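Reading through the structure tokens given below for one structure.
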Amino acid sequence: MSSSPYYLKGSALNVRLNGVVGWLARHGLSLAGSAELSVRGRKSGRLQRIPVNPHTHGGAQYLVSARGHSQWVRNMRAAGGGELRVGRKVREFTAVELPDAEKLPILRTYLERWGWQVNEYFQGVTAASSDEEITAAAADHPVFRVTVGN
């Protein structure tokens, strides 16, 4: 077993598509609910931008890292929040990372909503997987509860 946290790097095509989705969100066009996340870099201090799929469950909003322990996740842990943008609408937020034991319902509904886009990153786990299978994958997929400021 590897000692490094799970992270699946995107292919060149994925990186290019993410760039397009981020550009569209920055200019006001959200694809299927996507937004552009800006989070302060933990080393550089500069805002880092990446497209994300904000997910609503039980009246709360979440950010799920389908690819695992990515740079934006590490930056979010350090910064404790950031901004979500679609066009001129910018929402500042704080974020709290969920423990693995609380992720099951969020991951299941996230996979129901976004599985068509992210299933390849979940290593065979889908919305139809058992509770045990999703719970076993939870440590590989950080989840943050987002609270938007006023």
Side-chain angles (χ1 to χ4, degrees), residues 5-11 13-42 44-123 125-129 131 133-135 137-150:
Y6 172 77
Y7 173 67
L8 184 60
K9 184 177 180 177
S11 68
L13 178 60
N14 290 136
V15 170
R16 180 167 282 175
L17 288 174
N18 272 351
V20 170
V21 172
W23 185 90
L24 290 171
R26 198 166 38 258
H27 290 86
L29 182 60
S30 172
L31 297 179
S34 63
E36 183 181 65
L37 166 67
S38 295
V39 61
R40 188 135 332 261
R42 65 195 182 285
S44 70
R46 291 180 294 197
L47 284 179
Q48 307 294 312
R49 294 189 255 177
I50 186 165
V52 292
N53 299 323
H55 178 64
T56 302
H57 175 80
Q61 192 165 51
Y62 299 89
L63 293 176
V64 176
S65 181
R67 291 187 181 169
H69 297 265
S70 62
Q71 293 301 319
W72 78 257
V73 167
R74 294 170 184 174
N75 290 336
M76 186 68 67
R77 288 174 178 149
E83 296 176 346
L84 290 171
R85 172 186 297 273
V86 176
R88 293 182 187 165
K89 184 177 181 182
V90 178
R91 298 176 297 148
E92 291 187 26
F93 66 88
T94 57
V96 175
E97 189 168 3
L98 297 185
D100 293 343
E102 294 179 20
K103 294 179 185 177
L104 173 63
I106 291 98
L107 288 175
R108 182 173 303 285
T109 57
Y110 178 82
L111 288 166
E112 288 169 356
R113 171 74 173 97
W114 297 103
W116 61 274
Q117 186 181 34
V118 302
N119 274 347
E120 68 183 287
Y121 306 120
F122 278 79
Q123 302 178 313
V125 174
T126 69
S129 294
D131 287 355
E133 290 169 320
I134 293 175
T135 299
D140 290 338
H141 302 283
V143 175
F144 294 88
R145 183 180 301 108
V146 170
T147 303
V148 176
N150 293 334

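Everything numeric in this text was worked out from a predicted model, so none of it was measured.
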For this session: Kindly determine whether R91 and V86 satisfy side chain to side chain contact (heavy atoms under 4.5 Å, CB included), including the steps that lead there.
Result: CA-CA 9 Å; R91 298 176 297 148; V86 176; 6.0 Å; no
Of all heavy-atom pairs between [X] and [Y], which one has the smallest distance, and what is that distance?
X: Y121; Y: A66; result: CB-O, 3.2 Å
X: A138; Y: K103; result: O-NZ, 2.8 Å
X: P54; Y: L84; result: CG-CD1, 4.3 Å
X: N119; Y: V125; result: OD1-O, 4.0 Å
X: N75; Y: R42; result: OD1-NH1, 2.6 Å
X: L63; Y: F93; result: CD1-CZ, 4.0 Å

Exercise. Who pairs with R85 by side chain to side chain donor-acceptor pair (under 3.5 Å), at least two apart in sequence or on another chain?
Worked result: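 Testing R85 for side chain to side chain donor-acceptor pair (under 3.5 Å), a comparison that skips the adjacent residues, returns none.
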For this session: Compute whether any side-chain donor of one residue and acceptor of the other, for T109 and H57, lie under 3.5 angstrom apart.
Result: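 Their side chains do contain a donor-acceptor pair, which is all the 3.5 Å distance test asks for.
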Exercise. Does one side chain, of R77 or H69, offer a donor that lies under 3.5 Å from an acceptor on the other?
Worked result: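 Their side chains do contain a donor-acceptor pair, which is all the 3.5 Å distance test asks for.
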Exercise. Between atom CG of L17 and atom CD of Q117, what is the distance when rounded to the nearest 0.5 Å?
Worked result: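 That separation rounds to 9.5 Å.
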Exercise. Could you state the interatomic distance from CG (D140) to CG (L107), rounded to the nearest 0.5 Å?
Worked result: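 Those atoms lie 10.5 Å apart.
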Exercise. What residues, two or more places apart in sequence or in another chain, satisfy salt bridge (Lys or Arg N to Asp or Glu O under 4.0 Å) together with R108?
Worked result: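 Salt bridge (Lys or Arg N to Asp or Glu O under 4.0 Å) check on R108 returns D131.
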Problem set entry | Test side chain to side chain contact (heavy atoms under 4.5 Å, CB included) applied to R88 and H27, step by step | CA-CA 8 Å; R88 293 182 187 165; H27 290 86; over 6 Å; no
Exercise. Looking only at atom types and distance, does a side-chain atom of H55 sit under 3.5 Å from a main-chain N or O of Y110, one as donor and one as acceptor?
Worked result: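 Checking the backbone N and O of Y110 against the side chain of H55, a donor-acceptor pair under 3.5 Å is found.
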Exercise. So, S65 side chain and G68 main chain: donor-acceptor pair closer than 3.5 Å or not?
Worked result: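 Pair found, side chain donor or acceptor close to backbone of G68.
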Would you list the atom pairs, donor with acceptor, under 3.5 Å between side chains in residues 29-40 and any protein atom, with sequence neighbours excluded?
residue	atom	partner	partner atom	Å
S30	OG	G33	N	3.3
S30	OG	S34	N	3.0
S30	OG	S34	O	2.6
S34	OG	L31	N	3.1
S34	OG	L31	O	3.1
E36	OE2	R26	NH1	2.1
R40	NH1	G45	O	2.6

For this session: Check the pair E102 / R145 against salt bridge (Lys or Arg N to Asp or Glu O under 4.0 Å), numbers first and verdict last.
Result: CA-CA 11 Å; E102 294 179 20; R145 183 180 301 108; 3.7 Å; yes
Problem set entry | Full working for side chain to side chain contact (heavy atoms under 4.5 Å, CB included) between Y7 and R67 | CA-CA 6 Å; Y7 173 67; R67 291 187 181 169; 4.1 Å; yes
Exercise. Are F122 and L111 close enough that some pair of their side-chain heavy atoms sits under 4.5 Å apart?
Worked result: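 In short, these two side chains touch, coming nearer than 4.5 Å.
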